[in-house]
Amino acid sequence: MYGIVNVALEQMVIDTYGQNKWEEALLKSGTGITHFEVDKLYDDEVTYLLIASVAEVLEIHIHKVMNLFGEWWILKVGKGKHAKLMESGGASLKEFLINLPTFHSKVILIYVEMFAPQFTVTNIEANSILIHYHSNRRSLTEFVRGLLVGLGKMFNVPVSVILLSSKNEGADHDTFRVSWN
Ligand code: HEM
């Protein structure tokens, strides 16, 4: 994955838990990397090792780290460095979610070698929608849950995100129901 992912994780840990915790997690990860560059490609395994190590050092469940990281991605990376891009996604939570399937076709113009996730949406109702998440990568389900919660926060709309079926449990892909009031 592009280094921006690892750099964002680093920033989240430093800002929330302090520099020392990040140094500790970095060392424990065993990646042997001490500095990440935003535009450089790194093996996906590096990111998985970092996330696992952060969970260990902070003594919080790995799913929780991924939830927090998803929220951070939307609220700090999305709304920070890529604010214009995020704004182009839609003017309301519902609009953004409906547009999600095409969102990374804009992202890929910046990160040209990325392997983008695939989203489809179905069951669009007044206050809910089903988000289908397809990826060849493993176990990013809880990151996606965090992203969806983060999108709710971005629009100041409290959301409920329920995982209806999961690739980890044999489904073809992950399906979430996102509901709001
Ligand atoms: C400005 C906003 C965003 C930027 C710049 C961005 C950029 C990226 C980048 C660089 C990657 C790494 C892929 C790679 O290097 O191969 C990635 C992955 C991913 N992004 Fe985004 N993204 C943005 C918003 C979103 C949003 C709004 C969602 C969904 C709600 C999302 C869902 C994901 C997921 C799930 C992955 C993991 C890839 C996979 O599952 O295979 N991203 N994104």
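Indexing begins at 1, ligand by ligand and atom by atom, following the structure's order.
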Any idea which atoms of ligand 1 are less than 4.0 Å away from a heavy-atom of [X]?
{"X": "Tyr2", "result": "14 (C), 15 (O)"}
{"X": "Met86", "result": "1 (C), 2 (C)"}
{"X": "Ile74", "result": "27 (C)"}
{"X": "Phe119", "result": "29 (C), 32 (C)"}
{"X": "Val144", "result": "35 (C)"}
{"X": "Leu140", "result": "37 (C), 40 (O)"}
{"X": "Met1", "result": "14 (C), 15 (O)"}
{"X": "Leu85", "result": "1 (C)"}

Quiz item: Does any N/O atom on Arg137 come nearer than 3.5 Å to any N/O atom on ligand 1?
Solution: yes
Quiz item: Does an N or O from Glu113, backbone or side chain, lie closer than 3.5 Å to an N or O of ligand 1?
Solution: no
Exercise. Please say whether more than 12 non-hydrogen atoms of neighbouring residues, nucleotides or ligands are located less than 6.0 Å from NZ in Lys40.
Key: no
Quiz item: Is it the case that more than 12 heavy atoms not belonging to Lys153 sit under 6.0 Å from its NZ atom?
Solution: no
Quiz item: Counting heavy atoms only, which of Tyr42, Phe96, Tyr133 comes nearest to atom 40 (O) of ligand 1?
Solution: Tyr133
Quiz prompt | Closest candidate by heavy atom, reference atom 13 (C) of ligand 1, pool Met114, Lys79, Arg138 | solution = Met114
Does some side-chain heavy atom of [Y] sit less than 4.5 Å from a side-chain heavy atom of [X]?
{"X": "Val112", "Y": "Tyr2", "answer": "yes"}
{"X": "Trp180", "Y": "Lys94", "answer": "yes"}
{"X": "Phe103", "Y": "Met86", "answer": "yes"}
{"X": "Leu163", "Y": "Glu169", "answer": "no"}
{"X": "Lys64", "Y": "Leu58", "answer": "no"}
{"X": "Pro101", "Y": "Val121", "answer": "yes"}
{"X": "Met12", "Y": "Lys76", "answer": "no"}

Quiz item: Just by distance, with hydrogens left out, do Asn6 and Thr47 show a side-chain donor and acceptor under 3.5 Å apart?
Solution: yes
Among all protein heavy atoms in this structure, tell me which lies nearest to [atom], with the distance rounded to 0.1 Å.
{"atom": "atom 5 (C) of ligand 1", "value": "His82 CD2, 3.5 Å"}
{"atom": "atom 12 (C) of ligand 1", "value": "Val5 CG2, 3.9 Å"}
{"atom": "atom 39 (C) of ligand 1", "value": "Ser135 OG, 3.2 Å"}

Practice problem: Answer with yes or no whether Asn136 contacts ligand 1, where contact means a heavy atom under 4.0 Å from a ligand atom. | Solution: no
Quiz item: Which of parallel (below 30°), tilted (30 to 60°) and perpendicular (above 60°) describes Trp73 and Phe69?
Solution: perpendicular
Quiz item: Mind checking whether Phe36 and Tyr42 have parallel, tilted or perpendicular rings, split at 30° and 60°?
Solution: perpendicular
Quiz item: Relative to ligand 1, is Leu100 under 4.0 angstrom through side chain, backbone, both or neither, heavy atoms considered?
Solution: side chain
Quiz item: Ion pair present between Glu59 and Lys21, side-chain N to carboxylate O less than 4.0 angstrom?
Solution: no
Practice problem: Could you tell me whether Arg137 sits above the aromatic face of Phe143, with NZ or CZ closer than 6.0 angstrom to the six-membered ring centre and within 45 degrees of the axis? | Solution: no
Quiz item: Near atom 21 (Fe) of ligand 1, which protein N/O/S atoms fall under 2.8 Å?
Solution: His104 NE2
